[in-house]
Amino acid sequence: MTASFGRRAWLRYSAAMSEQNHLYLVDGSGYIFRAYHQLPPLTNRHGQPAGAVYGYTAMLWKLAADLHHADGPTHLAVIFDKSSKTFRNDLYDQYKANRPPAPEDLIPQFPMIRDATRAFSLPCIEEEGFEADDIIASYTVEAVKRGWHVTIVSSDKDLAQLIQPGVDMLDTMKNERRGPGYVQDKFGVDPDKLGDVLALMGDSVDNVPGVPGIGPKTAAKLITEYGTLDAVLAAAPAMKPSKMRDNLIEHEGMARLSRQLVELHREVPLPDPLDDLVLGAIPPEPLREFLTYHGFNSLLTRLDGSSAGAGGAMTSPNAPRVQMKLAGTEEGGAPKADPAPGFMAMPPIDRSLYETVTSEDALDRWIAEARAEGIVAIDTETDALDSITARLVGISLSTGPGRACYIPLAHGGTDMFAEKPDQLDAGWTLARLKPLLEDEGVLKIGHNLKYDLNVLDRAAAGIGGLRIAPFDDTILMSFDLEAGKGLAGHGMDEAARAHLDHACIGFKDVAGTGKKAISFAEVPLDRATEYAAEDAEVTLRLWHRFKPRLHAEGVTRVYELVDRPLVPVIAAMERTGIKVDRDYLSRLSGEFADGILALEKEIHEYAGQPFSIGSPKQLGEILFDKLGHKGGKKGKAGGYSTDVTILEKLKAEGSEISGKVLEWRQFSKLKSTYTDALQAQINPATGRVHTSYSLTGAQTGRLSSTDPNLQNIPIRTEIGRQIRDAFIAEEGKLLLAADYSQIELRLAAHMADVPALKEAFLAGEDIHAATAQELFGRVDRETRGRAKTINFAILYGISRWGLAARLEITPDEAQDMIARYYDRFPGIGVYIGDTLEKARATGFTQTLFGRKTWFPRIKAAIQHERQGAERAAINAPIQGTSADIIKRAMARMGPALERAGLAETRMLLQVHDELVFEVPEADAEAAGAVIREVMENAASPLVTISVPLAVEVGTGKSWGAAH
DNA sequence: GAGTTCACG
DNA sequence: GACGTACGTGAACTCT
C-alpha cells in the first residue's frame, strides 16, 4: 500500500475512513498576542526574542499530539490575519484604530511563528482583506455542512458566535473547552444571539462603538427581552424614559454599524480545500531543524527521545501517530507553560570551563574578549559582608555562556611570610581593568553592583578610584520587574533558581559555616574559581533574561531613570558615612544603664520577686497571674500580650509597675539598639558610621538601611531624641537636614484628585487642621489630632476596626467617620476603588513613575490575607511615588551641587522623606537653596504633580540641632 | 528560627 | 462569630 500511495493520498484516504472528521482551526494571530503577554520574554539561541514563538510551538505540539485522542483533530489549519486593513475598515475607519502598535520585540516573531507552522508541515492560511475570524467562520460553515466536528482554537469572544452543536472552542492557555453553555454563562444568551449582544455592548479592544452606557449585562437583558438587535432598536422609542432609552435612539446608527463589525463573514472562498487540511504524519526533520535553530531544547529532546524507537516514521503511516503520542503526552500534555530547563537560549552552565587568571597575558586576553563582546559581567569576592570594611580578594568576569574567569588577588591570607598561590598584583590588575570598566563602549553588568563599586573604589584608591560605566544591575532589574511577586529576595542564588533553574554553589559550600568557616581568601583557587566565575556567568545570564523584559513589561522608565542612576549615588553615601560622637554616646549609655538598674529594682519590688523584665512571657505572668491585672491572652502562642498599648492601659488604671516597665523598656531599647550598638558600629579607620542601604529591600520602592539602620533613629520622644545629637558634623561643617513636608498626603491629594486637599496645600494651610475643619467644623487640639489619624488611615488603606482602635471609638462610629471623609473628600473613594480594581485585574499597582508592586495575595481566598493585600495595594502607589521622587532628587543632587560650585557638600543619609547633608559652614545657605530647589522639582519633567512639594531645611552642628 | 516588642517614615 | 487590625521597614531580645 505504501508503495503505490503517495503520503498525502494515503492520509486523505485514512481521514476519509475514520468515523468522524474533526477539524481544528487555530486562530494563529490571536494566539501570538496572548503567548507574548503570558510567557516570559525568552530569547532564542541567537538572542532574538522568541517567547511567543516558543509558546506557540508548544501549543501546536500539544494539539498535534492529541491526534490519536477520540476527539482529537483529524484535520488542522492555522489561520492568520494577513494585513491590518480589511473590509471592516471600509465600514468604519475607526475600527481597531485604538490598538497600540505591536511591541517592538514581538514584531520579529510574526514571521517566526509562520515558520513554526511550516516546520510542523501544517497548512498556514491567510487571505487579503479578511480577518482570521472570517476565514475560520467560513471553514466552519463548510465543515459543518459536511457533518464534521469543528474545534476553534482561540479565546476571541467574537468567534464564540460560531459555537453550535458539533462546534466548540478550545482556549489552550486556560486549557478550557467552551460549548454553548459558556456563551450562556458569560453573555447570558445563546451563541446565535451573541453578535447582537456584542453589537450593543461594543468592544473597546477592537474599538467597536456599541451603545454608550450599555455593558454586557444590559445588552444581554435587552436581547433576551426583545429577541434581536433590530427588535431592541425598534422598541426603543416605546421604552420608559431613561438615559438608556435616549442612548438607544441616539446611537441607533452606531449600533447597526457595530452589528456589521462583529458579524463574521462566513463566505470567504476557502483558500485550501477542506480535505487538504488533513493532519497526519509530521515529518521530524523540518521540525528538528526549526527547534535546533531556536534552541528549544526541551522540545528537541522529546522529539529525539520519541522518534528513536519509531525509526520508520517517514515510511510507515502508522508510526508518526505513535511518535506524536509519545512525544506529546509524556508529561500530561502541558508543554505550553513549560519553562523547560532545556529551553535556555544558552547551553547549561559548566563550571569546568572556567579559567583561573594568574598571568598578565591571560588577563589581557579577557579584557580583549570583553571589548570584543561589548559586554562583561563582573563580580568581586571579598573577606567580609560589608562593602566598607571588606578587603578585595578576587574578581570574576564573564563575557558569554561558558566564558568566565576568576582573577585571584589576595588568596592565601594576610600573613606576608606565608606561602601564597601564584596570583596577579591587585594594584596592577585594577589599573589594567580600569580603562575597561570606564569604557563607554562596554556594558558592565553586576548583581548588586553597589557592593562591587564600593569594594573596587576603595581598593583602587591608589589609582584615583574607579567608576563603572555604563552599567546594568540585575538585582535592580529583578526588583523592578517583580517586586512583591513571590520571591523573598532578589539575591543571586534565588534569582538563578527562579530564572535560570540553576542552583549556584553556596558560599557555605566553599567557606563552611560556624566555627570552621574560613575567609574567602583561604578558599583554594580551584574551588574559588568555580564559585566566583559561576557568579559572574549567572549574572550575565540573568541579564539576558531580564533585559528584554524591561521594555515588554513597561518598567524601563523606573529602572533607567529612577533606580539605576542611584547605584553610584548610594555607594558614595555609604562610603562617606556620618560622624558620630563616641564619648557622648558612651555617656548616654551610662545614664541609661543607671536608669535601667534603678527601675529594675523598683519593678522587682512591685512584683515581689526578681524576674526577667525583658521576657514578655515572664512579665505577662507577673502582671496578669500574680498581680491579677486583667488583659487576657492574645498572642499566637497563647501568651499574654504586654505591648505598649496594654501597658499604657494598665498604667492609666493605676498600675505603677506597668509605668515602670514602660520606662525600663524605653531605656533598654535606647541603650541596646542605639547608644551601645552605634558605638560598636563606628568604623575605626574613618571614625564614622557607614550604613548599608538596600535598594531592593522594600516592596514599595523605598530604600531600607541596615548595619546599622539609620532610618529609625529616635525622634518622637525627648529622651530618644538625645541620640540624634550624637550625629555630628566635622569641624568647620554643619549638618543640613531637608525634609519633604507631608509628601505622601500631597501625593494622595494629587493622585486621588481631591479638590479640598489640593486647595489646602496650594494655600499653604496646616493640612490636618484643614481636615479637622472640613470633618468636624472646628479646629482644636482634639479634632486636629483625630483628623491627623484619619489622614494617615487613608494613606494606609483604612478599615473601620483599625481606625476605631486608634481613635478609641466603636467600629460603627469609625465607619461613620470614614463615610464622612469620603463625602467631604470626593476622589479618595474613587482612587481606592480604581487602585484595587486594577490590582485585581493585573496583579500589580503602579506609581506615577511606573514602578510596579505585585500583590499575588490580592485574590487570596482567606479574607484577612486578601484584605491585608488590599490595604498594602492602596498604600503602595503613594508610598512608592514618594520613594521615586526622593530618588530622582538624590540622583540629580550631586551634579546640581557641583554646578553651583558646592562640590564639598556631601549627601550622607536618606530617611524616606528626608536627606541629610554635611556642608561647609560658609556654604550652608547656598547649599540649602540648591537642595530645596532640586527636591521640590524632583518629579518634573517626568511627572507633573498638581500640588506643590514643600521642603523644610534646617542646619546645626548635630542632626538633632538641624531639625 | 519564631515570636514579641519597639525605633523610624 | 472569630479573625486581629492600618502601610513600609530593621534590630534586639527571649525562648524553643
Side-chain angles (χ1 to χ4, degrees), chain A residues 483-484 611-620 632 634-647 661-662 664-678 680-681 691-694 696-717 719-721 723-724 739-745 748 789-807 811 814 818 845 853 855 862-880 882-883 886 909-915 959:
Chain A
F611 69 100
S612 175
I613 305 168
S615 161
K617 185 163 173 264
Q618 292 184 34
L619 177 63
K634 242 180 115 187
K636 279 179 200 158
Y640 295 108
S641 172
T642 65
D643 70 14
V644 67
T645 56
I646 303 277
L647 293 185
V661 170
L662 282 170
W664 181 91
R665 283 225 180 118
Q666 185 179 22
F667 279 133
S668 50
K669 174 83 174 182
L670 293 176
K671 182 169 187 288
S672 66
T673 310
Y674 300 104
T675 55
D676 289 353
L678 234 32
Q681 290 279 358
T691 184
S692 172
Y693 288 102
S694 168
T696 58
Q699 316 274 299
T700 54
R702 273 192 177 178
L703 304 184
S704 71
S705 156
T706 61
D707 309 303
N709 181 355
L710 294 186
Q711 291 183 320
N712 71 347
I713 303 301
I715 192 169
R716 291 173 184 171
T717 69
I719 299 175
R721 223 185 161 98
I723 292 166
R724 293 225 164 192
D739 285 60
Y740 280 110
S741 157
Q742 306 289 5
I743 187 167
E744 290 193 7
L745 265 181
T789 301
I790 298 168
N791 276 332
F792 278 105
I794 295 295
L795 299 181
Y796 295 154
I798 198 163
S799 84
R800 71 183 86 164
W801 299 279
L803 186 62
R806 295 285 156 138
L807 290 179
I818 294 166
T845 63
T853 304
F855 294 93
I862 300 165
Q863 182 180 232
H864 69 264
E865 269 193 20
R866 187 174 62 249
Q867 288 175 339
E870 286 173 354
R871 290 193 296 269
I874 291 166
N875 178 251
I878 299 169
Q879 188 181 117
S882 163
I886 197 167
L909 302 177
Q910 190 252 44
V911 194
H912 310 308
D913 62 358
E914 171 184 7
L915 295 174
W959 195 6

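Residue numbering restarts at 1 for every chain, and letters A, B, ... go by the order of the sequence lines. Atom set for the values below is all heavy atoms of this structure, side chains included, hydrogens, waters and symmetry mates excluded.
Taking side-chain N and O atoms only, Thr642(A) has no distance below 4.0 Å to OP1 or OP2 of dT4(B). Between dG9(B) and Arg716(A), a contact under 4.0 Å exists linking OP1 or OP2 to a side-chain N or O. Contact annotation: Ser704(A) reaches the phosphate of dG10(C) (side-chain N/O to OP1 or OP2, under 4.0 Å). Close to dT5(C), at under 4.0 Å from its OP1 or OP2, lies no side-chain N or O of Arg800(A). Note on Ser615(A): every side-chain N or O is 4.0 Å or more away from OP1 and OP2 of dC13(C). Using a 4.0 Å cut-off, no side-chain N or O of Ser668(A) falls inside it from OP1 or OP2 of dC13(C). An OP1 or OP2 oxygen of dC15(C) is reached within less than 4.0 angstrom by a side-chain nitrogen or oxygen of Gln618(A).
Listed candidates were dC7(C), dG10(C), dA12(C). Nearest to the side chain of Thr706(A) is dG10(C). Nearest to the side-chain atoms of Asp707(A) among the listed nucleotides dG4(C), dA11(C), dA7(B) stands dA11(C). Of the candidate nucleotides dT5(B), dC7(C), dT9(C), dT9(C) has the atom nearest to the side chain of Ala698(A).
Between dC6(B) and dA6(C), the two P atoms lie 14 Å apart (nearest whole Å).
Taking 4.5 Å as the limit, every side-chain heavy atom of Gln879(A) sits out of range of all side-chain heavy atoms of Thr853(A). Side chains of Tyr640(A) and Ile646(A) form no contact here, defined as non-hydrogen atoms less than 4.5 Å apart.
For Arg806(A) against dA6(C), a side-chain-to-base donor-acceptor contact under 3.5 Å is present. Between the side chain of Lys669(A) and the base of dC6(B), at least one donor-acceptor pair of N or O atoms lies under 3.5 Å.
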